Amino acid sequence: MSFADRRFPVPVRGDMATALRRSWADIGRPGAWWTGPERVAIAALARAERIQRNEPPWNRDRGEPCTPLPEKAVEAARKIGADPAHLDREWANGVIAEIGDSHYVELASVVVTTAAADAFCEAMGIDHEPLPEAEAGEPARERPDGMGDIGAWVPVQVIDWKRANVARALSLVPEGVRTFFRIVAAMYSGTATDFEKMVWDHRPLSRPQVELLAARVSALNQCFY
Amino acid sequence: MLLRASSDAVGAEVDLSAAVEDAADGGVENGAILTAFAEAVVRATDDLDAARTRALETLGPEKFVEAAATVGIFNGLVRVADSTGIPSDAQMLERTADVRGPLGFNRWGGAKSSGVAEAPA
């Protein structure tokens with residue numbers, strides 16, 4: 001079992017550990033556009049690059065490429081994993097032109113889930129969770145309806161949307177939304193009702209404490225959003 | 001930004017510069033412990049073990065786990081925003097108009113996606 005309770009130096013809430021386990025297992029499963037082995041390869045590339053984030057890109061040890069992924073997907077997994085402050089529309093357009101917007105968004109969903117889980121392990125002082133076993137099977141290849149342009153680099157859900165934009169950023173791949181935002185709910189926001197409250201009683205930390213951490217991490221990553 | 005809104009909700013005055021300064025407490029309880037912990041994780045610095053120990057000893061195990069979880073998940077959330085170029089929400093742009101420039105946020109690459117980019121310093 002991934003994220004086993006015995007690995008944590010102090011107890012972790014059951015719902016948080018469960019969410020991590022479920023989302024970790026998702027990485028190994030066939031997605032909407034990538035196979036299980038491809039998704040695990042994306043996670044591995046992002047992790048390997050992020051570990052070396054303090055080195056400039058040209059100085060990172062990447063070894064021999066041994067991956068089923070196209071070159072642009074390899075580049076995207078590495079860059080989103082380790083250099084998120086240096087992404088721009090022109091770069092994303094170049095990747096999307098090669099691999100497609102749905103593939104790009106699903107790749108991003110795997111990278112962000114891996115980065116969050118890895119950073120949590122680093123914060124807790126434990127080794128990164130071993131990557132999940134890749135499962136056999138074909139991607140579903142289903143594109144959702146209701147996508148549109150709100151000025152993002154990728155299409156997003158536009159019908160009756162009333163929540164924060166970041167929550168629809170990955171909506172071109174609903175499976176990716178489920179995988180990542182499951183752990184967002186468990187590790188940060190709680191339910192939609194919890195999130196709307198400015199005074200939190202569902203978390204041991206006060207909301208200002210949580211938001212100070214959020215603001216500092218965002219600033220360290222030079223994330224405008 | 002939700003740091004200011006949530007502080008306002010409890011009648012506390014927050015110093016938003018804590019978002020961009022090292023080990024600043026921002027007027028938040030145990031703020032300097034929390035920001036130092038976040039900095040050590042994100043930067044993978046040599047003092048991570050010490051920052052973690054300080055956080056655990058000061059906060060206790062329950063709050064420490066929440067702090068670790070928040071640091072972890074925001075390392076994912078920033079990548080969601082920055083890999084998709086998702087624009088900031090209009091309400092958030094309005095609420096932060098007075099602080100984004102002084103704190104330097106408008107000079108970050110992602111500001112272009114929200115139409116408020118300033119030239120890098």
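Computed from a predicted model, the values in this text were never measured in an experiment. A, B, ... follow the sequence lines: proteins, then strands. Residue 1 opens every chain.
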Original post:
Would A:Glu75 and A:Lys72 pass as an ion pair if we require N to O under 4.0 Å?
Top reply: yes

Under a 4.5 Å cutoff for heavy-atom pairs, which residue among [options] has the most contacts with chain A?
{"options": "B:Asn106, B:Leu34, B:Val14", "result": "B:Leu34"}
{"options": "B:Asn30, B:Leu77, B:Leu48", "result": "B:Leu77"}
{"options": "B:Phe105, B:Phe74, B:Phe64", "result": "B:Phe74"}

Between [options], which residue shows the highest count of heavy-atom pairs closer than 4.5 Å to chain B?
{"options": "A:Met16, A:Met198, A:Arg203", "answer": "A:Met198"}
{"options": "A:Phe120, A:Tyr104, A:Trp153", "answer": "A:Trp153"}
{"options": "A:Ala108, A:Ala92, A:Ala119, A:Ala116", "answer": "A:Ala116"}

**OP:** Heavy-atom distances under 4.5 Å only: say whether A:Phe8 touches chain B with side chain, backbone, both or neither.
**Re:** neither

**OP:** Measure distances from A:Met124 to the heavy atoms of chain B and classify the residue's part below 4.5 Å as side chain, backbone, both or neither.
**Re:** both

Original post:
Any cation-pi pair here, A:Arg207 with A:Phe195, using under 6.0 Å and within 45°?
Top reply: yes

Original post:
Just wondering, more than 12 heavy atoms not from B:Asp46 lying within 6.0 Å of its CG?
Top reply: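 Not more than 12 within 6.0 Å, no.
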
Original post:
Between the side chains of B:Thr96 and B:Arg100, does any donor sit under 3.5 Å from an acceptor?
Top reply: yes

Original post:
Do we see a donor-acceptor contact under 3.5 Å between the side chains of A:Glu38 and A:Trp33?
Top reply: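 Checked: A:Glu38/A:Trp33 side chains show no N/O donor-acceptor pair below 3.5 Å.
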
Subject >> Minimum heavy-atom distance between B:Ala67 and B:Leu59, given as atom pair plus value >> reply: CB-CD1, 4.3 Å

